[in-house]
Amino acid sequence: MSVLIFVDQLDGHIKKASHEALTYGAKIAEQTGVTAEAVVVGAVTEDLAALGKHGVKKVYHVQHDNLKAFDSQVYTKVIAQVAEQSGAKVIVFSNNSSGKALAPRVAVRLKAGLVSGATALPDTANGFTVRKNVFSGKAFATVAITTDVKVISLNVNAYTILTGEGTAEVVPFTATVDAPTMKTIDSTKTSGKVALTEADVVVSAGRGLKGPENWKMVEELAEELGAALACSRPVADAHWRPHNEHVGQTGVAIAPNLYIAIGISGAIQHLAGVNRSKTIVVINKDAEAPFFKAADYGIVGDAFDIIPKITAAVKKVKGH
Amino acid sequence: MKILVCISKTPDTTAKIAFTDNNTKFAEAGVQWILNPYDEWYALVRAIELKEADASTTIHLVTVGGADADPIIRKALALGGDEAIRINTEPTESYLVAAQIAEVAKGYDLILLGKETIDYNGSAVGGMLAELLDAPYVTNATSLQIAGSTATIKREIEGGEETLETTLPLVVGCQKGMAEARIPNMRGIMAARTKPLKVVEANNVEAFTKYTEFQLPPAKAGVKLVSADNVEELVRLLHEEARVF
Ligand SMILES: Cc1cc2nc3c(=O)[nH]c(=O)nc-3n(C[C@H](O)[C@H](O)[C@H](O)COP(=O)(O)OP(=O)(O)OC[C@H]3O[C@@H](n4cnc5c(N)ncnc54)[C@H](O)[C@@H]3O)c2cc1C
Ligand SMILES: Nc1ncnc2c1ncn2[C@@H]1O[C@H](COP(=O)(O)O)[C@@H](O)[C@H]1O
């Protein structure tokens with residue numbers, strides 16, 4: 001019996017979210033007294049044996065010409081074959097772009113109950129219950145999975161990566177692979193160096209910035225912090241910033257360690273996408289802005305004056 | 001082309017989130033219900049746009065829910081769509097919903113859903129439905145073009161976007177970018193009253209999960225304000241106290 005973790009990769013690089021999922025899955029294995037195993041689909045440039053440092057004992061590696069493009073229908077059948085071989089009782093995905101397509105499919109294929117967006121380890125003392133975010137971060141729910149096999153997708157940034165000693169045995173896995181129906185015809189990077197949903201630090205600005213021409217100072221602060229950029233919805237709607245930077249109830253939901261909100265009022269729909277951030281800093285000239293109620297730190301003042309000063313102070317702390 | 005759009009109802013985005021019955025149920029008293037924004041703005045409107053480009057297209061809407069979902073499905077019909085089906089059972093979890101929809105979803109070329117509901121944040125029904133129908137599935141889709149039986153789709157991935165090509169029939173989970181939000185006009189609202197809304201009884205489907213308890217997050221300790229004249233102090237706090245960079 002095992003806990004099987006799906007390791008997600010992009011262009012051969014294992015995503016940060018997968019290291020979280022590996023740590024999380026290995027902990028569930030430890031808790032339930034079974035082994036942790038992982039599955040990697042497609043060619044990777046990284047050393048898979050090294051994934052053992054998160055506690056997985058075995059890595060099944062499936063490679064096939066038909067697996068070059070991400071195709072949830074084809075991948076699902078492959079993962080189900082590995083799950084069967086591994087004797088998986090729990091299968092863990094990241095609740096990211098790949099996991100959202102795969103976890104529900106794999107769950108149906110294995111007649112397993114799914115909890116998506118888990119935020120903590122399952123409680124296995126009495127049945128099997130998992131805590132997840134609901135109402136866009138405004139509440140938590142405890143969900144019981146009643147099937148024999150269970151599928152969990154773990155929220156990005158919800159579980160701290162642990163790195164210890166250990167190497168995993170890497171096992172090539174020969175699967176029956178269908179011909180894909182998906183063809184990738186183009187792929188573009190839309191954001192800066194740091195992907196918004198994976199970022200530790202996010203710098204975000206709203207209508208208080210007055211116009212797109214003023215984003216340079218926001219970008220400079222983000223650059224200094226190694227942060228991803230985000231914005232409120234009206235900013236994306238007005239095409240000041242690309243729509244993929246829009247965070248909130250109807251945009252991207254994020255949970256970074258640090259979220260800096262500049263010139264954003266803090267409407268409930270905006271908060272819904274960012275309230276899982278560990279530390280929230282609000283810069284707003286209006287002391288009554290609702291965002292201050294959700295903030296950990298704040299400055300009441302003019303963004304145009306304050307942003308360059310923050311950038312300078314961060315530079316100093318970092319010794320640049 | 002035959003399109004099926006999956007419609008769900010959710011509490012208004014500003015609704016107060018509270019629970020009753022020993023924290024086992026969402027407190028519905030006084031809550032305004034709306035069409036799930038992803039279903040309305042992106043899935044349904046994109047279907048309407050496709051029909052406007054090709055008049056031979058038909059759009060059916062489906063919802064899994066009790067009679068309390070009727071006003072929501074009528075509102076969806078006021079935006080567009082030819083007829084609606086309501087599968088009469090409480091939508092208690094994703095698998096149950098997907099399995100019910102799968103019963104009526106055969107024979108459509110395109111099935112559009114929202115990428116997730118804003119209440120239970122499952123992002124699961126689309127993938128489950130696709131697996132039940134053994135169809136290709138793309139979610140977090142920001143654009144969808146159809147030419148004959150070929151679909152070209154953009155989907156958002158971590159830090160980027162991918163353009164994919166696949167064939168119909170197809171299941172797509174829609175998000176921002178897919179279409180421009182619309183509001184229903186008077187003609188649509190009048191027409192919606194006479195559009196067919198078929199109620200079908202649900203099949204017996206076993207649920208795989210059960211919500212047992214809800215909790216509100218712990219209250220924040222309160223904001224620590226730093227003077228605008230002392231920006232360096234804020235940076236020091238973030239570095240030394242919160243240790244977030
Ligand atoms: C169904 C629905 C879904 C929605 N989904 C989302 C969503 O996903 N994400 C989202 O963001 N919004 C969403 N909204 C919109 C949301 O309700 C707010 O309208 C929006 O978040 C406001 O954006 P904002 O804070 O940038 O602008 P505003 O509300 O205009 O606030 C601008 C802020 O900047 C401050 N300011 C002005 N000048 C300065 C200055 N020089 N220095 C410092 N501060 C300054 C002002 O005091 C003010 O607080 C949604 C709305 C609805 C109805
Ligand atoms: N009760 C329901 N009836 C019909 N469609 C639904 C229902 N619940 C969810 N959906 C569809 O599935 C999508 C994803 O929902 P979920 O997986 O619950 O987050 C929604 O955006 C809807 O398009």
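Naming: A, B, ... by sequence-line order, numbering from 1 per chain.
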Problem set entry | Portion of A/Asn275 that has a non-hydrogen atom of chain B nearer than 4.5 angstrom | neither
Seminar exercise, completed: Bottom line for A/Val281: the part with an atom under 4.5 Å from chain B's heavy atoms is side chain
Problem set entry | Heavy-atom side-chain proximity of B/Glu162 to A/Met182 below 4.5 angstrom | no
Exercise. With a 4.0 Å cut-off, would you call A/Arg109 and B/Asp134 a salt bridge?
Worked result: no
For this session: Take B/Lys176 and A/Thr250 through the test side chain to side chain contact (heavy atoms under 4.5 Å, CB included) and record every step on the way to the result.
Result: CA-CA 7 Å; B/Lys176 189 173 166 156; A/Thr250 48; over 6 Å; no
Problem set entry | Separation between OG1 of B/Thr166 and CG of A/Asp71, rounded to the nearest 0.5 Å | 7.0 Å
For this session: Using non-hydrogen atoms and a 4.5 Å limit, figure out which bit of A/Ile310 sits close to chain B: side chain, backbone, both or neither.
Result: both
Seminar exercise, completed: If one checks every heavy atom of A/Ala112 against chain B at 4.5 Å, the contacting part turns out to be backbone
Exercise. Within a reach of under 6.0 Å around NZ of B/Lys220, are more than 12 heavy atoms found that belong to other residues, nucleotides or ligands?
Worked result: yes
For this session: Just jot down the ring pair (Phe, Tyr, Trp, His ring centres under 6.0 Å) partners of A/Phe291, sequence neighbours excluded, or say none.
Result: A/His270
Problem set entry | Proximal to chain A - members of residues 99-123 of chain B, heavy-atom separation under 4.5 Å | B/Lys115, B/Ile118, B/Asp119, B/Tyr120, B/Asn121, B/Gly122, B/Ser123
Exercise. Side chain, backbone, both or neither: which part of A/Val314 has an atom under 4.5 Å from a heavy atom of chain B?
Worked result: both
For this session: Could you tell me whether the side chain of B/Tyr95 reaches within less than 4.5 Å of the side chain of A/Pro104, counting heavy atoms only?
Result: no
For this session: Could you list which of residues 205-213 of chain B have a heavy atom closer than 4.5 Å to any heavy atom of chain A, in residue-number order?
Result: B/Ala207, B/Phe208, B/Thr209, B/Lys210, B/Tyr211, B/Thr212, B/Glu213
Exercise. Can you tell me how far the CD1 atom of A/Ile283 sits from the CG atom of B/Leu234, to the nearest 0.5 Å?
Worked result: 5.5 Å
For this session: Determine whether A/His243 and B/Thr142 make a side-chain contact, defined as any pair of heavy atoms from C-beta on separated by less than 4.5 Å.
Result: yes
For this session: Measure the spacing between CG of B/Leu216 and NZ of A/Lys138 and express it to the nearest 0.5 Å.
Result: 11.5 Å
Exercise. Contact part of A/Thr197 toward chain B, heavy-atom cut-off under 4.5 Å: side chain, backbone, both or neither?
Worked result: side chain
Exercise. Should B/Phe245 and A/Val317 be marked as a side chain to side chain contact (heavy atoms under 4.5 Å, CB included) after you check the CA-CA gap, both sets of side-chain angles, and the distance that decides it?
Worked result: CA-CA 10 Å; B/Phe245 83 94; A/Val317 167; 4.2 Å; yes
For this session: Examine whether an atom of A/Leu225 lies under 4.5 Å from a heavy atom of chain B, and if so say whether it belongs to the side chain, the backbone or both; otherwise answer neither.
Result: side chain
Exercise. Would a 4.5 Å heavy-atom cut-off, applied to side chains only, mark B/Leu238 and A/Tyr297 as touching?
Worked result: yes
For this session: Calculate, to the nearest 0.5 Å, the distance between atoms CG and CG belonging to B/Asn140 and A/Asn244 respectively.
Result: 12.0 Å
Exercise. Roughly how far, to the nearest 0.5 Å, is OG1 of B/Thr13 from CD of A/Gln249?
Worked result: 5.5 Å
Seminar exercise, completed: chain B shares the most heavy-atom pairs under 4.5 Å, among A/Ala107, A/Ala272, A/Ala69, A/Ala294, with A/Ala294
Exercise. Do A/Ile185 and B/Thr152 come within less than 4.5 Å of each other through their side chains, counting heavy atoms only?
Worked result: yes
For this session: Spell out the residues in residues 222-230 of chain B that have some non-hydrogen atom less than 4.5 Å away from a non-hydrogen atom of chain A, in order of number; otherwise answer 'none'.
Result: B/Gly222, B/Val223, B/Lys224, B/Leu225, B/Val226, B/Ser227, B/Ala228
Exercise. Which atoms of A/Ala103 come close to chain B, meaning under 4.5 Å heavy atom to heavy atom: side chain ones, backbone ones, both, or neither?
Worked result: neither
Problem set entry | Validation row: A/Arg105, B/Tyr137 side chains within 4.5 angstrom (heavy atoms) | yes
Exercise. Heavy atoms, side chains only, cut-off 4.5 Å: are B/Thr14 and A/Gln269 in contact?
Worked result: yes
Problem set entry | Distance, nearest 0.5 Å, that separates NE2 of B/His239 from CG of A/Leu258 | 12.5 Å
For this session: Sort A/Lys285 into side chain, backbone, both or neither according to what part of it lies under 4.5 angstrom from a heavy atom of chain B.
Result: neither
Problem set entry | Nearest heavy-atom neighbours spanning A/Gly251 and B/Tyr38 | O-OH, 3.5 Å
Problem set entry | From CA spacing to verdict: side chain to side chain contact (heavy atoms under 4.5 Å, CB included), B/Val244, A/Lys278 | CA-CA 9 Å; B/Val244 281; A/Lys278 289 184 189 91; 5.8 Å; no
For this session: Report the C-alpha separation of B/Glu158 and A/Ser97 in whole Å, then their side-chain angles, then the decisive distance to 0.1 Å, and conclude whether the side chain to side chain donor-acceptor pair (under 3.5 Å) test is met.
Result: CA-CA 7 Å; B/Glu158 284 67 40; A/Ser97 62; 2.8 Å; yes
For this session: Can you tell which part of A/Ser136 gets under 4.5 Å to a heavy atom of chain B, answering side chain, backbone, both or neither?
Result: both
